[in-house]
Amino acid sequence: MHVNAVFETPCCLRKSAGPAGSIAAFACLLALLGCSGKEAVSSAGAGLIRAGSIAAHTRFLSSDALEGRGIGGRAEALATEYIAAQFALAGAAPAGDDGTYFQAVPLVGVQTQPDAMLSWSAGAGARRLRYLDDFVAVNHRQQPLAEVDADAVYVGHGIVAPEFEWDDYKGVDVKGKIVVLFTNEPASDDPAFFGGPALTYYGRWTFKYEEALRQGAAGCLIIHTTPTAGYPWQVVRNSWSGREPFVELGPDEEALSVAGWIHTEAAASMLAATGKSLDELLAMSESRAFQPLPLSVRIRTRIPSSVTPIRTRNVVAMIQGGNAQKRDEAVLYTAHWDHLGVGIPVDGDNIYNGAVDNATGVSLLLELARAFGESDARPQRSILFAAVGAEEGGLRGSQYYSQHPFIPAGRTAVNINFDGLAPLGRTRDITLPGFERTTLRPAVEALAEESRLSIRPEAHPEQGYYYRSDHFSLAKVGVPAFSVKLGVDYVDRPEGWGVEAQEDYTANRYHQPSDEFDPAWDFSGLEQLARFGFELGLRAANAPDLPTWNEGDEFLPARLQSWER
């Protein structure tokens, strides 16, 4: 199907909504950078996308001047003003707070102090655990001090999944208690049962805390083992030793007083009174017949925390749809603008530039906005662009947007996300983890075939990467959502080169100061990816019906609920 065959009445949007004065002034300045040069208007909007523009955005967003795009400071102001200015130049209207491009995201930074305490007692035995060595914990209540003195209950994997007839909390009241559990989920080779070998959200540690809170627990402690977590204790220790950002709690919102992990050896010692090893306790949790096990253990925690407000923001813009009956529905493109900011020096460099992660993704977002804005026609549904913040702190910007959307979840057709894109040239394949779970699958497969791209399955579904990027925040509220990435079969490269390049990035540049812009990069693959994303969004915007999740998918109930609102 040709692009111009699915458009309605031609209409240029470049003068749709005037930006605020400060943004307009900044936009004029940025125009000097040559990032938004005009081309002849074409109905084939994807043809307007240019590798050079994507490269220019990436160069600026990952420059030392932006100090690694950390949240809550000068670097954030520069990055988000730049993004807003580019949306304005593209002709995308503000879709943030009070007619601006900015959606304020109120966060609270909580950092556990070194004198945090966790101890347990069982009969005549007792032990005080060492913070970071034996346990890590965060106070989700966002208070300077959280204390709990409560009985402990072992709840297996801590999962309640009615669709699988699974309930690890059956027959037990854990209100005010501390639940102890393993991460991950019951093992299975059946894709229809907890995703088979692939990890579902039920297996993620974030779900464990959410379910414990729903059950009324005061705290939740995850027993760490490398096999169940998928990474060693050092990763847990490093990840939980700094400031954790949270969306600010409302006045009536509840939260766990203690959410943490216990080292394998410390957990084995604490649970010795059960007469079972950790392996035996884990084996018990693999059966539907599992019964929660009240432990003859009293756990006491004292979690002092520094609590500081963090004010960050998303940048949101919209190009209005051309169909009066469908323009209040939208296709949503997302990418996170933040990175790690200024941190511990490595070889004398303390700026974590985040060129690949995720200056590239935001650059695609900006180029898509320009292509839609300069196209000579509009899709039926509106096109939304959200450059979200605080992804590195736990998807907080996209979480906040999903709870306060410009267009409700029930009227959002799809979320197409871009995150961590290597500018290494064109590929013969593409990967879209999670697309197969939605009713968009036939359209995606047809577009890939037309684009002469094979769809590469996710390399490590057991690691649950689907739940670690911003599309997941939208999926949780029911929006069909997935990321779009290049594959690893690079044109004019030997077999296996792409896998080696990916592994090299992970080992030597990911979340390190060396993730910097390289003038030798080849952005033709990102142009290829942006064109694919444009066409996919266009078809979703013109589809007769709103897409949804496939029957039996874990996010389908949320989709149906969003349609009822």
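In what follows, every heavy atom counts, from backbone to side chain, and hydrogens, waters and symmetry copies are set aside. Residues: numbered from 1 along the sequence shown.
Judged purely by distance below 3.5 Å, without hydrogens or angles, the side chains of H336 and D357 pair a donor atom with an acceptor atom. Of the N and O atoms on the side chains of T334 and D470, not one donor lies less than 3.5 Å from an acceptor on the other residue. For the residue pair E392/H339, the side-chain donor-acceptor check at 3.5 Å is satisfied. A donor-acceptor contact under 3.5 angstrom links the side chains of E286 and H157, judged on distance only. The closest side-chain donor-acceptor pair between Y505 and D515 falls under 3.5 angstrom. Checked by atom type, the side-chain pair R313/T80 shows a donor-acceptor distance below 3.5 Å. For the residue pair S402 / S473, no side-chain donor-acceptor distance below 3.5 Å is found, with atom types taken as modelled.
Between K485 and E458 there is no salt bridge, since none of the side-chain N atoms of the basic residue sits less than 4.0 Å from a carboxylate O of the acidic one. Salt-bridge annotation for E436 and R441: absent, with no side-chain N of the basic residue lying under 4.0 Å from a carboxylate O of the acidic one.
Panel note: side chain E554, backbone A161; no donor-acceptor pair is recorded below 3.5 Å. Within the 3.5 Å criterion, the main-chain N or O of Y231 finds a donor-acceptor partner in the side chain of H224. In terms of modelled atom types and a separation under 3.5 Å, the side chain of N417 and the main chain of Y333 share no donor-acceptor contact.
For R437 and Y466, the positive end sits near the middle of the six-membered ring, less than 6.0 Å away and at most 45° from its axis.
Between V108 and L249 the shortest side-chain heavy-atom distance does not fall below 4.5 Å.
For W240 and W205, the ring centers sit closer than 6.0 Å to each other. Taking the ring centroids of F194 and W166, they lie under the 6.0 Å cut-off.
Between Y209 and the options R204, H140, R214, a side-chain contact (heavy atoms from CB on, under 4.5 Å) holds for only H140. The only option from F207, F472, Y202 that meets the ring-ring contact (aromatic ring centres under 6.0 Å, His included) definition with Y467 turns out to be F472.
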